[in-house]
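This report refers to the structure that appears directly beneath it.
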Amino acid sequence: MATRIEACGVSAYYGSFKAIDAVTMTIEPKSVTALIGPSGCGKSTFLRSINRMHEVLPGAHVEGQLLLDGQDIYHREVDVTAVRRMIGMVFQRPNPFPTMSIYDNVVAGLKLNGVKRKPALDNACEKALVRANLWDEVRDRLSRPGAGLSGGQQQRLCIARAIAVEPQVLLMDEPCSALDPISTLAIEDLINELKNQYTIVIVTHNMQQAARVSDRTGFFSIDRTGEPGRLIEYDDTSKIFTNPAMKRTEDYITGRFG
Amino acid sequence: MSLQTPLQSRRVIADRMATVLIYAAFLLALIPLVSVAWTLVSKGLQRLDGTFLFTSMNNIGAFDDRGGAYHAIVGTLQQAGLATLITVPLGVLGAIYIVEYGSGWFAQAIRFFVDVMTGIPSIVAGLFVLAFWVLVVTPVFNDGRPGFSGFAAALALSVLMLPTIVRSTEEMLRLVPAALREGAYALGIPKWLTIVRVVIPTALPGIVTGIMLAVARACGETAPVLLVAGGNPAINFNAFEGNQSSLSLFVFEQAGVASQYAPARAWAAALTLVVLVLALTIAAKLLARRNPLAR
Amino acid sequence: MTTSSMIASPAQGSSAPGGGGPLPRRRALGAETVFRGTTTVAGAMVLVIIVAIATFLVIRALPSLGANQESFWTYEGWFADSDPPQFGIAALAFGTVLTSTLALMLAVPVALGIALFLSHYAPRRMAAPLGFAVDLLAAVPSVVFGLWGRDWFYEPVSSLSSWLHSVAGWLPLFGSDGPYGKSVLLGSTVLAIMILPIITSLSREVFVKTPTANEEAALALGATRWEMIRTAVLPYGRPGIIAAVMLGLGRALGETIALALTLGSTYAIGLDLLGPGGNTIAANIANRFGEANATGRSALIASGLVLFAITLVVNVTARAIIYRRREFTESAA
């Protein structure tokens, strides 16, 4: 059920400012794709364009085509909430709903989309928490507030929340940048397990992390501030990190800029 | 010290004097606070008992030492209650529009006029309901007679409460982190459900605080009630028909009666009113202190 | 079918995600549109109410203004219930402005003093509970202040009046030799106490927000605490202070019941503060409404319309100052 994503000339704007310019890339199903690049290069903006979260910001809009198994998610008549249910997202900072229990956090997406039956919810909750490697830690305190967990646990709770709605794609926007090394390792292990079922796209600042978890890597960059970000190179991770085709990629990987 | 030049000592004196004046200003403000509190308690307690709280002024003459404020308490509670029922949905929805949906000049205009509306004098709110509801709308259903009622007072109180509630709710909604909204959108939850099930519950303690403060202020309003509820010495449980009194109106009425028994009644009613208002205010502030959004 | 059918909400029927089926279509008139529309209507109610207030007050004021035998703007008396009616706003408007101005003159220095005390002088442990006490003063209903002014506070004020008359009786302001009771001085002092909390809490808010860098820069140059306040805190807070004073003025202009109980309810333009006298538009409405006939009510509504216009101007000005400042600080940030 994992899905191929094809971006065809995707440009994203904040008001009149063009943040990314004509990104074209194909993301394969059941793989982990890492997006790397210097700050402000538009990698997060591109990630947020994939599930139409970019347009949530006032004045922001996207041009171009983004195909999910051949269908344009930016088509005028497409239900945006359905797109987001198919393409889940995990954010930089864990953002569990503070008024909800652990259980309610996990099933929030299902409950608020009309699933009412308790057995179905219980089942989905356990399944999602098991997949997110959190079940053993929270099974006996599901009714406690989600905000009471540690940072790493909260992030895994948010991953459980995202996969509970059974998406086909999982987008991760620097999911470990607010976490300690041990929690980071736990999340990376989790990403390795999840790629058996989901198409995963992860934005990261950490090149070791990109090298560790991803199959393919896209390198974004900007010419100078004020210019839009571009996809410079997109290839197998091993190729990008050992023998990149572009000089700029090599400069970035070896730490000569960025 | 020998380093001290005349210039420096003048500066030091100015600093000392400012300190003294600023402390004096504070002490000066304490005088009315203490005096109001003392007068209120000492004069109010003379008549404040079960009889006062549970009898009305029906068939009580001015030169009678009995009588109570039950009819007025009923009026205050009903009028404030009805006003709350009217303004809470309207105010919260209006604030949601301003924060979550509104954009451009229309939302800006609403924000601006909400602020302006907080400054409308209570007597003007009363005159508005008089001119609109009591003298124009109700006579149509009332054989041409103006319809003074507790509900009319509630309408006037609503005009006063609405901007306060919109404003405080607006502030609380803005404190809800954008990350929570995005977290919900990313789950495919529609915007309206995100607002109702994620944003509002998160902001709820602050919203309730704002509502309680607005209700407290409305309970103490006299002028609108005087103009549109008409006052009534007897108990009237029906806010929708016939004149009604309220605690603040009762205080004002008794203050205008030339009788040796009237002041005691006025002060007892004033004490009752202040206890009600301060209880609401203090409860609201304590709730605000436990609000995780406002730190 | 995969487990993804679980998440298809009933409303979407067969268009379950997954399996390569077509993406669900957006619905034209869904709950989203209804909810958004409802909130828009609720928000627009504010504008509707403001317009309705002006409209209905004008409509109900016109009959008496047509029947009035005197000039509404210049006549000082109020015989709106007589036939033919004779009434004018001159004395009431003058009294309103006089009482409010006096109250501001008394309240502003003290309020700024308290605000500075709470923001820069009081020990931190004390500042919070004392600020709370000031807020409680704001919560006390105005009728209670009126009653207090009439039953208790008039005594110290009449002693003060005798003293002022004996010391400066040659001034028209203090010309009256009694009897001292309900007077402009009493009303203004009570009013000053009532607007004290709002001015205090608003200016305290801006004082607290003075950037620490500004304060430290002043102190580093060797300024005393008072010089630091004069050079850093007050200039920074000036627009905020102006707005607070304007809002206090708005409150004072509209205050009704406390003044109905402490002013003398006369209809004359004069500067005498001590003698029995004084009146305001709002207090006059409260005092006259009970016995007013149809024309009398209409005349009171006409006076209320004037009050509405005055407070509107004051409040719009105050808000415009605050909004301009907000833009200024936001663009600087």
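Lettering of chains follows the sequences in order, A, B, ..., and the numbering in each one begins at 1.
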Discussion item. Report which part of B:L249 has an atom under 4.5 Å of a heavy atom belonging to chain C: side chain, backbone, both, or neither.
Written reply: neither
Worksheet item: What part of C:F308 is in contact with chain B, defined as an atom under 4.5 angstrom from a non-hydrogen atom: side chain, backbone, both or neither?
Response: both
Fill in: Under 4.5 Å from a heavy atom of chain B, the part of C:F153 involved
neither
Worksheet item: What part of C:R230 gets closer than 4.5 Å to chain B, counting heavy atoms only: side chain, backbone, both or neither?
Response: neither
Worksheet entry | Per-residue contact mode, C:L147 against chain B (heavy atom under 4.5 angstrom) | both
Worksheet item: Measuring heavy-atom distances to chain C, does B:V136 have an atom under 4.5 Å in its side chain, in its backbone, in both, or in neither?
Response: side chain
Discussion item. Please classify the contact between B:L40 and chain C as side chain, backbone, both or neither, with a heavy-atom cut-off of under 4.5 Å.
Written reply: side chain
Response to the item:
Ranking C:D151, C:I193, C:L307, C:V140 by heavy-atom pairs under 4.5 Å to chain B gives rank one to C:D151
Practice prompt. Side chain from CB out, backbone as N, CA, C, O: work out which of these in C:A52 comes under 4.5 Å of a heavy atom of chain B, or both, or neither.
Written response: both
Response to the item:
Whatever's closer than 4.5 Å to a heavy atom in chain B on C:T224 counts as both
Worksheet entry | Under 4.5 Å from a heavy atom of chain C, the part of B:L273 involved | side chain
Discussion item. Is C:L136 in contact with chain B via its backbone, its side chain, both, or neither, using a 4.5 Å heavy-atom distance?
Written reply: both
Worksheet item: Which bit of C:W152 comes within less than 4.5 Å of chain B, counting heavy atoms only: side chain, backbone, both or neither?
Response: side chain
Item to complete: Side chain from CB out, backbone as N, CA, C, O: work out which of these in C:T256 comes under 4.5 Å of a heavy atom of chain B, or both, or neither.
Response: side chain
Item to complete: Tell me, for B:T39 versus chain C, whether the close heavy atoms (under 4.5 Å) come from the side chain, the backbone, both or neither.
Response: side chain
Item to complete: With a 4.5 angstrom heavy-atom cut-off, could you sort out which part of C:L196 is near chain B: side chain, backbone, both or neither?
Response: side chain
Discussion item. Counting only non-hydrogen atoms closer than 4.5 Å, does B:L278 touch chain C with its backbone (N, CA, C, O), its side chain (CB onward), both, or neither?
Written reply: side chain
Worksheet item: With a 4.5 angstrom heavy-atom cut-off, which part of B:L226 approaches chain C: side chain, backbone, both or neither?
Response: both
Item to complete: Would you mind checking which part of C:I301 comes under 4.5 Å of any heavy atom in chain B, side chain (CB onward), backbone (N, CA, C, O), both or neither?
Response: both
Worksheet item: Is it the side chain or the backbone of C:L112 that comes within 4.5 Å of chain B heavy atoms, both, or neither?
Response: neither
Practice prompt. Under 4.5 Å heavy-atom distance to chain B, tell me which part of C:R36 shows up: side chain, backbone, both or neither.
Written response: both
Discussion item. Is C:A44 in contact with chain B via its backbone, its side chain, both, or neither, using a 4.5 Å heavy-atom distance?
Written reply: both
